[in-house]
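Have a look at the structure below before the remarks.
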Protein chains: 2
Amino acid sequence: MVTIKDVAREAKMSVATVSRVLNGSGPVSEETRRLISEVAGRMRYVPHSGARSLITSKTQTLGVLLPDLYGEFFSEVIRGMDDTAQRNGFHLLISRAYADRHGIETAIRAMRGRADGVVVMSPDLDAESLLNLPSTIPVVLLCSVSRGNEIDSLTIQNCRGAREMVGHLISVGHRRIAIIKGSPRNYDAAERLRGYRMSLREAGIMLDPLLEREGDFTEAAGYSAVLELIALKNRPTAIFAANDSMAIGALSALRESGIAVPEEMAVAGFDDIPLARYMDPPLSSVHVPIWELGARAVELLLHGITHKNDHPRRRERVSTKLVIRRSTGGVPAERPPPQTLKRKLVSV
Amino acid sequence: MVTIKDVAREAKMSVATVSRVLNGSGPVSEETRRLISEVAGRMRYVPHSGARSLITSKTQTLGVLLPDLYGEFFSEVIRGMDDTAQRNGFHLLISRAYADRHGIETAIRAMRGRADGVVVMSPDLDAESLLNLPSTIPVVLLCSVSRGNEIDSLTIQNCRGAREMVGHLISVGHRRIAIIKGSPRNYDAAERLRGYRMSLREAGIMLDPLLEREGDFTEAAGYSAVLELIALKNRPTAIFAANDSMAIGALSALRESGIAVPEEMAVAGFDDIPLARYMDPPLSSVHVPIWELGARAVELLLHGITHKNDHPRRRERVSTKLVIRRSTGGVPAERPPPQTLKRKLVSV
DNA sequence: TTGTATGCGTTATCAT
DNA sequence: ATGATAACGCATACAA
């Protein structure tokens, strides 16, 4: 592997000068700067980032700790992170970690010398568990919050989004509205549930524990929750699923049970994944700007890194948007645009 | 940040001994080994990986270069890679890169000193462009192949899978079978097209250029391709989409056009994403073991790293499996299992 | 403007 | 069994 020494020897200059040219630091004559860049380019020299980080104590790398994430959400949030990181000259070190406190701490510590900061996504973790993090390294919490204000965090407007969607169901005449919840230990799920209840209370509708079924954000969970709901003596007329995957499972179960959507049962989801509009009927959902979520998380992290983690902590929320399609009734079908290729090179 | 010197001082030992204990290399008395491990643990010491890689010239990191990938495929392939990497003590440095040759080369070079090897996924790239890679670093090509045998590669049994699916359509009586292709520059897409044509020829069916529509693997592409196909004077009776996303778009367009699936039109996809079985009707597809694809790619890469890139090159294929559901007709509905939670902690 | 020399944190080599 | 020290590749303070 070619080192800075090799380049210096080849250009008949000292390593210091080569370093200066490559980093654009210090004074160099135009002549030698051209010479050295030429030589370095020809030799395909690339600085050894380990050596560099040893002396600069910067790695130009961001750690990303994720739980088990699936599908569109995972890919889109990483896309947002990577785009933003690359634009700022950073790489992404991605690692899945067990959501428990020990796993997170271990994973973060393992990033020492590898990353300048870490985005931690652990919706299943109680926030306080993260309190005793080594405070030296900048951390941004994604989709969860810490008790105090000692860690930057970025979350989705879960509660408001859920409240608006349930509010819409109420506004079109529903009174018995069921929810397919996520895990109670999941922050997003808990907030969406809160929004659901809030909305019902605001409309003066009694909460019915029978109408709250627990799921785990999978299609299978939505499917089986519906089987239970329709077996109820006093069936709901609308179902709000805490994410789109469960809503899709719900649609499937209703279809097989011969229950018409939205005529006999309205269905709504959360996330607004691209597939939602292609469902039968097209699925009403709460749109989450996932790319922006990842991008903003990285921006927050970079800010913390720039300020050496000595900055006022922020707690931000990305806002959601109601997207009403046919599955909640009363609205004309939204025809997908024939060719809105917002995706470019897509594979497999 | 606590260094090995700090640990040595605290334990009243030399850094050499501390290093020996931490790496399990060389002889150490049981007494000092316990002492040092205790001190190191208490001080939460973690070796600086940059410094370590400087001398060992190993980073314990694998680079992953991906094109724009979406949804289930992206997340699942990374999951497979990460699981396998972690099991072998490696981290994943993930980066999206432009699929052109310059982008790939630059990206790989930027990994110097950061990764011990790279998995390159660039289905849109002609293989020969990769030939003049710096041969020093081990590389595994994912979903594309190199001309010669100079680079390890791992691909999907695209041709065989497509051939079997089209064969199935023929076997249930179809003669006019359309295909919604992917980009002609995409390796997977090209191979699936090859399988489609091969299957038709085997059955003695003439190829009809009008029945081959180009898409880009998005739902929108499948949607609009169908609108074109059903406008044909001589409509097909079956549609094979080169991936599930396009098949789902196709289902949506057929539904809105009032064309019954599978009675008036059979539809098949490729990939068998989890959602496929929840479609209406449940979508027949060619199952691709995506997790295994990622896992195996990392295994191949680790093998190359272990042998210092001086090993006989391999060219492997992961095999596909036909999954027949209702969208191709003649088969009883497959009911999703009420609670087969193969997914554990799922988020958003 | 350029060169010399030091140190970053670690492992490995050689003494002891 | 343990310690002293060189070396890894680089950036930088200081000297020239």
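This is a predicted model, so every value here is computed, not measured. Below, chains carry the letters A, B, ... as their sequence lines are ordered, and counting in each starts from 1.
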*asked:* Looking at Arg296(A) and Glu316(A), is any side-chain nitrogen of the basic one under 4.0 Å from a carboxylate oxygen of the acidic one?
replied: yes
*Applying salt bridge (Lys or Arg N to Asp or Glu O under 4.0 Å), name anything that partners Glu292(B), two or more places apart in sequence or on another chain.*
none
*Any idea which heavy atoms bring Ile156(B) and Cys143(B) closest together, and the distance?*
CD1-SG, 4.1 Å
*Mind checking what makes side chain to side chain contact (heavy atoms under 4.5 Å, CB included) contact with Arg87(B), not counting sequence neighbours?*
Thr84(B), Trp291(B)
*Just call it for Ser25(B): base, sugar-phosphate, or nothing, with non-hydrogen atoms closer than 4.0 Å on any strand.*
nothing
*Inter-axis angle, terminal five-pair segments of the helix from dT1(C)-dA16(D) to dT16(C)-dA1(D) [nearest 10°]*: 40°
*Report yes if at least one side-chain N or O of Thr17(B) is closer than 4.0 Å to OP1 or OP2 of dT2(D); otherwise report no.*
no
*Check salt bridge (Lys or Arg N to Asp or Glu O under 4.0 Å) between Arg79(A) and all other residues, then give those that pass, not counting sequence neighbours.*
Glu76(A), Asp68(B)
*Take nucleotides 4-11 of chain D nucleotide by nucleotide from the 5' end and write B, S or -, depending on whether a protein heavy atom sits under 4.0 Å from the base, only from the sugar-phosphate, or from neither.*
B--BBBBB
*May I ask you to say what Ser53(A) touches in the nucleic acid, namely base, sugar-phosphate or nothing, with a heavy-atom cut-off under 4.0 Å?*
nothing
*ring-ring contact (aromatic ring centres under 6.0 Å, His included) against His311(A), all qualifying residues, sequence neighbours excluded*: His303(A)
*Roughly how many Å is it from CZ in Arg9(B) to C1' in dG3(D), rounded to a whole number?*
16 Å
*Considering residues at least two apart in sequence or located in another chain, which fulfil the salt bridge (Lys or Arg N to Asp or Glu O under 4.0 Å) criterion with Arg52(A)?*
none
*Taking DNA chain C as the partner, which of residues 35-43 of chain B come within under 4.0 angstrom of it by heavy atom?*
none
*Excluding sequence neighbours, so at least two apart, what forms salt bridge (Lys or Arg N to Asp or Glu O under 4.0 Å) with Arg33(A)?*
none
*Atom CD1 in Ile36(B), atom CG in Leu22(B): separation rounded to 0.5 Å?*
8.0 Å
*Can a donor-acceptor pair be found between the side chains of Ser49(B) and Gln60(B) at a distance below 3.5 Å?*
no
*State which residues pass side chain to side chain contact (heavy atoms under 4.5 Å, CB included) with Val15(A); sequence neighbours excluded, sorted by chain then number.*
Ile4(A), Lys5(A), Ala8(A)
*Between Glu38(B) and Arg42(B), is there a salt bridge with N-O shorter than 4.0 Å?*
yes
*Excluding sequence neighbours, so at least two apart, what forms side chain to side chain contact (heavy atoms under 4.5 Å, CB included) with Met1(B)?*
Arg112(A), Thr136(A)
*Check every nucleotide of DNA chain C for an atom under 4.0 Å from a heavy-atom of chain A, then give the first and the last such nucleotide from 5' to 3'.*
dT1(C) to dT10(C)
